[in-house]
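Encoded as structure tokens, the structure appears first; notes follow it.
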Amino acid sequence: MRNYDIVIVGGGPAGLAAAVSARQSGIESIIILERDKELGGILNQCIHNGFGLHTFKEELTGPEYADRFIAQVRELKIEYKLNTMVLDIGQDKTVTAMNREDGMFEIQAKAVILAMGCRERPRGALNIPGYRPAGIYSAGTAQRLVNMEGYMPGREVVILGSGDIGLIMARRMTLEGAKVKVVAELMPYSGGLKRNIVQCLDDYGIPLKLSHTVVDITGKERVEGVTLAQVDEKNKPIPGTEEFYSCDTLLLSVGLIPENEISRGMGVTINPVTSGPKVNESLETNLEGVFACGNVLHVHDLVDFVSEEASAAGRNAAAYVKGTSVADAAPEAEICLNPTAGVRYTVPSTIRRARMEDNLTVRFRVGGVYKNCFVSVYFDDERVIHRKRQVLAPGEMEEVKLTKEQLLQYPKLEQITFKIEEE
Amino acid sequence: MYDVIIIGAGVCGAAVARELSRYQAKICVLEKEEDVCCGTSKANSAIVHAGYDAVTGSLKAKLNVRGNERMGELAKELDFPFERNGSLVLCLNEADMPNLQALYDRGVANGVRELRILNREEVLEMEPNVTENVYAALYAPTAGIVCPFGLNIALAENAYANGVEFYFDTEVTEIHKSEEGYVLQTDKGSFETKYVVNAAGVYADRFHNMVSEKKIHITARRGDYCLLDKEAGNHVHKTIFALPGKLGKGILVTPTVHGNLLVGPTAVDVEDKEGINTTAEGLAQVFEKAGMSVRNIPTRQVITSFAGLRAHEDGDDFIIGEAEDAPGFIDCAGIESPGIASCPAIGEMAAELIRDKMGLAEKTDFIADRQGIKNPNTLSMEERNALIKENPAYGNIICRCEMVTEGEIIDAIRRPLGAKSLDGVKRRTRAGMGRCQSGFCAPRTMEILARECDMSMFDITKSGGDSKLVVGTNKDTV
């Protein structure tokens, strides 16, 4: 069995940033295990631009953004293995993995960083009725076929779901010569970034039908058409509103699910709201020395925040390996973060002051569209943050920055509550 | 000139082919689809029923019990997944107890062993997620679950190994009586044979009625199902039925042999014999009815839904035997539930009938065993590493959800009667059958298929015919 201080599962944006920051924090023995044939993860198929505005203050394509981090990984001589699937991780941090060259092998890690990303929800998750012909793809699968392999999955396209991948693929399919007839969205609002609706739909005259869903798929061998219908407040199709669209392709962009099968297998506690691990201020799961970051922790909309979060996970894992995090920490009660009144979840969900860095970013999402509201944060019963926002939407991740100094002023603090308030 | 031509490569056609291949005869199977297991056999509950449902004395009863008995041995011989997980038929109120008792009595009369009636406490102890409204249940420890694809493919592969020929994409359009037997007209030319076995599923009436004046009538009875993630696979351990109604055994909740949870089917008679579309009403009904038997089914864990067609004959029993006015034409018709359970016995019965009529002699070199695709997940680390060293493709995971390696996919394609499409690979290896439903592995499996079959990516299909997966290259129309 080989030994490493830190094993990072996944070489996408989260794994790369975590590796770089762990090395910069002084850890020599690091290995990234990546299941695909190259580093960079899903960024490799995201050939559109708009990445890196926060991190590099310029607009990069997905592969360019990944390349910045891959270059650092190479420069820092961080080890990685490609085409390597992690099969299982034990509670003792024994990582079992496999590839063609090494066969099945085990690595004993001192710390593990989970950075496996997420997967797309399939058709079944929505239970869309109809036939099951060829021509139904999740948007990400179509993106891989088009952007990495150069194949067109179809000519006439209907897209269900206005998540960012769906929006991006509406534009991509149009640019590559397909006719995108409509994007339907079940919710009364889009799940994607505002800028993507403008740049990917409006600019190409592609209609977005909110509060609509697919109620039938026809075609026995290849898709021949789909029927859309409007839905009521309970998301139930309204009879009489059906409209048939002839098409040969249906792309689904109906949500992403963090891929936590390995995490669950090793006993990591999962937050049912995010489907990602419950973590503390160090992005550490309930298992000591097991950290999580990026889309495996909670689904992000901007890669810049993935990198930022993963850097923190890398630093914290390094501190854990070096023993500093433990040595510094006086035993104390954890502060619970309590998402309520419109706030669906927070990451992290607990804070131990002694171990937190000087600045801590708490990320969260809201459960609906809110206009002219306030993001409020209460330290126990006292409101300490009250920030006016013009629009809050589920498609855009929000954040609140807390400082260690601020928290130390409340030595008896037990609970931090996050709320959306009208005034 | 064939001795026997079997129409249909579903589980029945394949079972007859396999049993007939014990004898010295020239046999072929004609299948209109591109692969075995493409009709009723691929979309059903995959239950090896114990045998208490069917009317005592019916073929359904007799062959179900016999098929169930044989299934364990067959699974060993032919290397397909089968498990005797047991079944429970729930009785929700005291008033229905006579019906449950009748089911028990019928089971005993049919020869089902080990049947027991459990009281409420015993049921809930056995299956804590069963509804608290349960009053009693009929417990059948001999009931089981099987991989229907695995069973069908194994039977066909073994038949092939014993000399049976298979013609795919070959649709029988007409059947004419000839001097020595029958001439089958197909879209790929005509085939002459002494005997015909009609194992055409929902189309069996069409072929029967071409040669016989004693008409039969098969209704396609559609059933919608939902399949749940393996995380929900332990929700129940036994197959849970409600007391049967007019149109069948009602909605069941069962683990699958691969560890998922399966809920369904509905029962709706449809005109279109290719009408395997699910409907919103059907899918809603699945959970509504299942909820009456089993509590807290995690409906959010659905990974796919599908519909299958049962071949329901008006007489409500299997029709197996020579058509009265068409000598040499052997029906295996009206095979609906318990068809999967009965297929080993159906194969036996039809093959023995033909053997006796034709006076066929047994082969001395019949191969009884068949080796399935190696599943590396069942190997120890040492064994697995030896396998990868010998063939590195076994170290390359293609389907992340089901952990299927490139080695298994290549085996599925290269073996006799191998996969030619994405669904063919899926049914043989489970690649694409997991929680992401082929989102990750489809493009990779397509590449492997193109490479192994020396096909263009544009010719790779989901399931044969015009089910093409990609239609061109970027900007080719711009």
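Labels below follow one simple rule: chain letters A, B, ... track the order of the sequence lines, proteins then strands, and each chain is numbered from 1.
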Original post:
Within a radius of less than 6.0 Å around CG of B:D454, do more than 12 heavy atoms belonging to other residues, nucleotides or ligands occur?
Top reply: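 Not buried by this count: 12 neighbours or fewer within 6.0 Å.
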
Subject >> Heavy atoms of other groups near B:K374 NZ, more than 12 under 6.0 Å >> reply: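 Count not over threshold, so no.
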
At what distance, to the nearest 0.5 angstrom, does [atom1] of [X] lie from [atom2] of [Y]?
X	Y	atom1	atom2	value
A:I136	B:L469	CD1	CG	11.0 Å
B:I397	A:T84	CD1	OG1	11.0 Å
A:E221	B:T461	CD	OG1	9.0 Å
A:Y151	B:E447	OH	CD	7.5 Å

Let me know if [X] has heavy atoms under 4.5 Å from chain A in its side chain, its backbone, both or neither.
X	value
B:E406	side chain
B:V471	both
B:T405	side chain

Of the listed residues ([options]), which shares the most heavy-atom pairs with chain B below a 4.5 Å separation?
options	result
A:P133, A:P153, A:G177, A:G150	A:G150
A:R155, A:R144, A:E101	A:R155
A:P129, A:G135, A:G103	A:P129

Answer whether the closest heavy-atom distance between the side chains of [X] and [Y] falls below 4.5 Å.
X	Y	answer
B:D272	A:K220	yes
B:T304	A:P122	no
A:T141	B:P443	yes

Original post:
With chain A, which of B:R400, B:E382, B:R300, B:E231 has the greatest number of heavy-atom pairs at distances under 4.5 Å?
Top reply: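 Of B:R400, B:E382, B:R300, B:E231, B:R400 has the most heavy-atom pairs under 4.5 Å with chain A.
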
Original post:
If you count heavy-atom pairs under 4.5 Å between each of B:T477, B:I388, B:N385 and chain A, which one has the most?
Top reply: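 Sorted descending by pairs with chain A, the first entry is B:N385.
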
Original post:
Going through the distances and angles, do A:E261 and B:K230 end up as a salt bridge (Lys or Arg N to Asp or Glu O under 4.0 Å)?
Top reply: CA-CA 10 Å; A:E261 281 66 41; B:K230 285 183 175 175; over 6 Å; no

**OP:** Look at B:R444 together with A:D36 and state whether they make a salt bridge at an N to O cut-off of under 4.0 Å.
**Re:**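 The answer is yes: the pair qualifies as a salt bridge.
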
Original post:
Ignoring hydrogens and geometry, is there a side-chain-to-backbone donor-acceptor pair from B:S467 to A:R222 under 3.5 Å?
Top reply: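 The answer is no, because no donor-acceptor pair under 3.5 Å joins these two groups.
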
Original post:
What is the minimum heavy-atom distance between B:K475 and A:L175, and which atoms define it?
Top reply: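 What the structure gives for the nearest pair is CE-O, 3.9 Å.
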
Subject >> Over all atoms of both residues, closest heavy-atom pair of A:M98 and B:Y394 >> reply: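 Minimum heavy-atom contact is CE-O, 3.7 Å.
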
Original post:
For A:M152, which of B:N474, B:T473, B:V470 qualifies under side-chain contact (heavy atoms from CB on, under 4.5 Å)?
Top reply: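 With A:M152 as partner, side-chain contact (heavy atoms from CB on, under 4.5 Å) holds for just one option, B:N474.
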
Subject >> Proximity breakdown for A:M85 and chain B, heavy-atom pairs closer than 4.5 Å >> reply: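 Contact with chain B is through the side chain of A:M85 alone.
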
